[in-house]
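Some notes on the structure that comes next.
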2 protein chains.
Amino acid sequence: MAARDLQERIKKLIVDRRLPSGAPLPTEPELMDHLGASRNSVREALKALQAMGIVEIRHGFGTYVGSMSFAPMVEGLAFRTVAGHYRGEDSLLQLLELREAMERGLVSRLAGRLPEADLAELDALASRMEREAAEGASLAETDRAFHATLYRGLDNVLLSEVLEAFWDAFHRVQRDLVDVPQDPRVTCRQHREILDAVRSGDSIRAEEAIRDHFGNIRVRLSTTGAPRPPETTGTPRPPGTTGARRPPEPHARHNERV
Amino acid sequence: MAARDLQERIKKLIVDRRLPSGAPLPTEPELMDHLGASRNSVREALKALQAMGIVEIRHGFGTYVGSMSFAPMVEGLAFRTVAGHYRGEDSLLQLLELREAMERGLVSRLAGRLPEADLAELDALASRMEREAAEGASLAETDRAFHATLYRGLDNVLLSEVLEAFWDAFHRVQRDLVDVPQDPRVTCRQHREILDAVRSGDSIRAEEAIRDHFGNIRVRLSTTGAPRPPETTGTPRPPGTTGARRPPEPHARHNERV
DNA sequence: TAGCTCAGTTGGTTAGAGCAGCTGACTCTT
DNA sequence: AAGAGTCAGCTGCTCTAACCAACTGAGCTA
């Protein structure tokens, strides 16, 4: 009766007091008093809120209103993808398609509308990428910056963050799961093409450039083999005990909508 | 040193044992034993995982591998939007733009590719919406079903779920924050137009239909006034105590990337 | 003045007890 | 024998009390 409520009440407290990101929340004892719950329950509620990015906890320092970034979503998305991958689903490909769908829909909107400053920055990033490719260094960070800079011009923070979140989730999973045999030069050329297309203002061409880029990644994904299994440790729990517990049963979803 | 680790280790346990959604996890005492932590710490870790949708807890029954739905993301996204709205940001509009961007990018892909069965279902939904509009009933549920059915044909569960999550977040916030004076007949006509465009296979027209539809919602949003403030209860904490706590300071983001 | 130590704040962790929801088997009634 | 009610024994939930660990700022020391 209390637990779900506590989270709700803490959130209400943040909204009611108009606390901005980074503002200090009451301390645990104060919350115990204010909410009329034990320290334990308060902490569990805070932990859950922390997992949602709503609250930020700093040991020996205090709890604060979180930056509400999408870091937790990245976490959940990445795990979902990894778990699905090991179960033989094409979850990684689906994640890639999600990114592609968003970027394709967006790039046409900013073709020809990007200010010269952003274009110059993208130029610099493309050059850096080429240099890194020549040196055999990792392109990942530059690739991330390229995509982030590209969509910054949309002037929608939420959109940018969601895109970056998807990028993060995809790359984290990709790094952990598959060894991608990539040709850096192709990647560089495709980024150049995206940039050129956007600069020229040709939205059709820009969309095609994005499609080619993702098509390339897609091919790399599909060429790598089946999931590589991790070691299976631990003993599976013996299912034959009495009591309240009902074994396996892929239980019906609880997504009751009100 | 333990807490962050515990979550990680529980996740590893799920992956290593290949537990599918709905599979039972070890009980709290078993986890205490397996992880070498106290009950409290285990519970806090589980609460965090629950908030991320990775784990599902049923009182008096057991803990299970979660459905990994986007319900938690909806929660976080909705809260972020509400908080931003009350701080005077146009967070709700940004959320709407996010939905529009995705749907615009996707609808062109399925123009002309939808099987007749799906088109028939969409027809039925559009009719239902018209009936509801005539009766003065709420269109929300039918609207949700329409959009969900539309993108089901993409055969990408992740994509569908993300879209539905965005829809849910948007409507929950809209319902809580603003009173939208909507003309149901316009909404119905626009859905018909989307359906017709998709059926005809004209992807340009489909994209325009989506843009019109969202443009309509956008107008409705902007006509409503400023944020309606909630009551401000409770006393702001006195900042002048000594000790470890540092007052306000919009702290620097901790998004250190590794 | 520069540096250190220490007190007092913060959250982190552990332990033990009892409460609450659920199931399956047992018992009593019909 | 069939049905309903009860109870034991699982499950997770909440509370209390104590101690540990991170951090800051004031005051002491050199």
Side-chain angles (χ1 to χ4, degrees), chain A residues 1-10 19 22-51 54-66 237-249 251-252 254, chain B residues 1-10 19 22-51 54-66 237-249 251-252 254:
Chain A
M1 214 242 275
R4 202 82 211 175
D5 235 38
L6 281 186
Q7 296 181 31
E8 229 45 55
R9 289 209 279 160
I10 295 176
L19 299 179
L25 253 58
T27 69
E28 289 182 357
E30 285 169 340
L31 280 176
M32 287 171 58
D33 190 55
H34 179 49
L35 302 174
S38 81
R39 179 142 180 238
N40 228 317
S41 304
V42 169
R43 280 184 56 76
E44 283 181 11
L46 285 176
K47 276 283 181 181
L49 291 177
Q50 181 188 39
I54 292 177
V55 142
E56 185 174 330
I57 306 178
R58 287 189 262 177
H59 188 174
F61 206 70
T63 71
Y64 298 82
V65 178
R237 190 161 49 78
T241 58
T242 66
R245 208 178 182 75
R246 180 170 45 184
E249 176 235 357
H251 69 277
H254 300 229
Chain B
M1 212 241 275
R4 202 81 210 176
D5 236 38
L6 282 186
Q7 295 181 32
E8 235 36 65
R9 289 210 278 159
I10 294 176
L19 299 179
L25 252 58
T27 68
E28 288 181 356
E30 284 169 341
L31 280 176
M32 287 170 58
D33 190 55
H34 178 48
L35 302 174
S38 81
R39 181 119 187 249
N40 228 318
S41 303
V42 169
R43 280 185 56 75
E44 284 181 10
L46 285 175
K47 277 282 181 181
L49 292 177
Q50 182 188 38
I54 293 178
V55 142
E56 185 176 329
I57 306 178
R58 289 190 261 175
H59 187 174
F61 208 69
T63 71
Y64 298 81
V65 178
R237 191 163 43 81
T241 57
T242 66
R245 206 179 182 75
R246 179 171 46 183
E249 174 233 359
H251 70 279
H254 300 229

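Residue numbering restarts at 1 for every chain, and letters A, B, ... go by the order of the sequence lines.
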Candidate nucleotides D:dG12, D:dT14, C:dG11, ranked by approach to the side chain of A:E44 - the nearest:
D:dT14
Rounded to whole Å, how long is the line connecting atom CG of B:L46 with atom P of D:dT14?
13 Å
Does any non-hydrogen side-chain atom of B:V65 lie less than 4.5 Å from one of B:I54?
no
Select one nucleotide: of D:dC23, C:dG12, D:dT14, the one nearest the side-chain heavy atoms of A:F61.
D:dC23
What N/O pairs connect the protein and nucleotides 15-17 of chain D at under 3.5 Å? Give each pair on its own line.
| residue | atom | partner | partner atom | Å |
| --- | --- | --- | --- | --- |
| D:dC15 | OP2 | A:S38 | N | 3.1 |
| D:dC15 | OP2 | A:S38 | OG | 3.2 |
| D:dC15 | OP2 | A:S41 | OG | 2.6 |
| D:dC15 | N4 | A:N40 | ND2 | 3.2 |
| D:dT16 | O4 | A:N40 | ND2 | 3.3 |

Strictly distance-based, threshold 3.5 Å: is any side-chain N or O of B:R9 a donor or acceptor partner for the main-chain N or O of B:L35?
yes
How close or far is atom C1' of D:dT11 from atom CD of B:E56, stated in whole angstroms?
15 Å
For nucleotides 4-6 of chain C, which of its nitrogen or oxygen atoms have a protein nitrogen or oxygen under 3.5 Å away, and what is each distance?
none

Phosphate OP1/OP2 of C:dG21: any B:R58 side-chain N/O under 4.0 Å
no
In whole angstroms, the gap separating C1' of C:dA15 from CD of B:E28 amounts to 15 Å
Rounding to the nearest 10°, end axes of the helix from C:dT1-D:dA30 to C:dT30-D:dA1 built from five pairs each make an angle of 10°
B:L46 side chain reached by B:L6 side chain, heavy atoms, under 4.5 Å:
no
When rounded to whole Å, the CG to P distance for the pair A:L35 and D:dT14 reads 13 Å
Between P of D:dC13 and CD of A:Q7, the distance in whole Å
12 Å
Quick one: B:R43 CZ to C:dT13 P, roughly how many Å, whole number?
15 Å
In whole angstrom, give the distance that lies between atom NE2 of B:H59 and atom P of C:dG21.
6 Å
Integer-rounded Å distance: C:dT13 C1' and B:D5 CG
14 Å
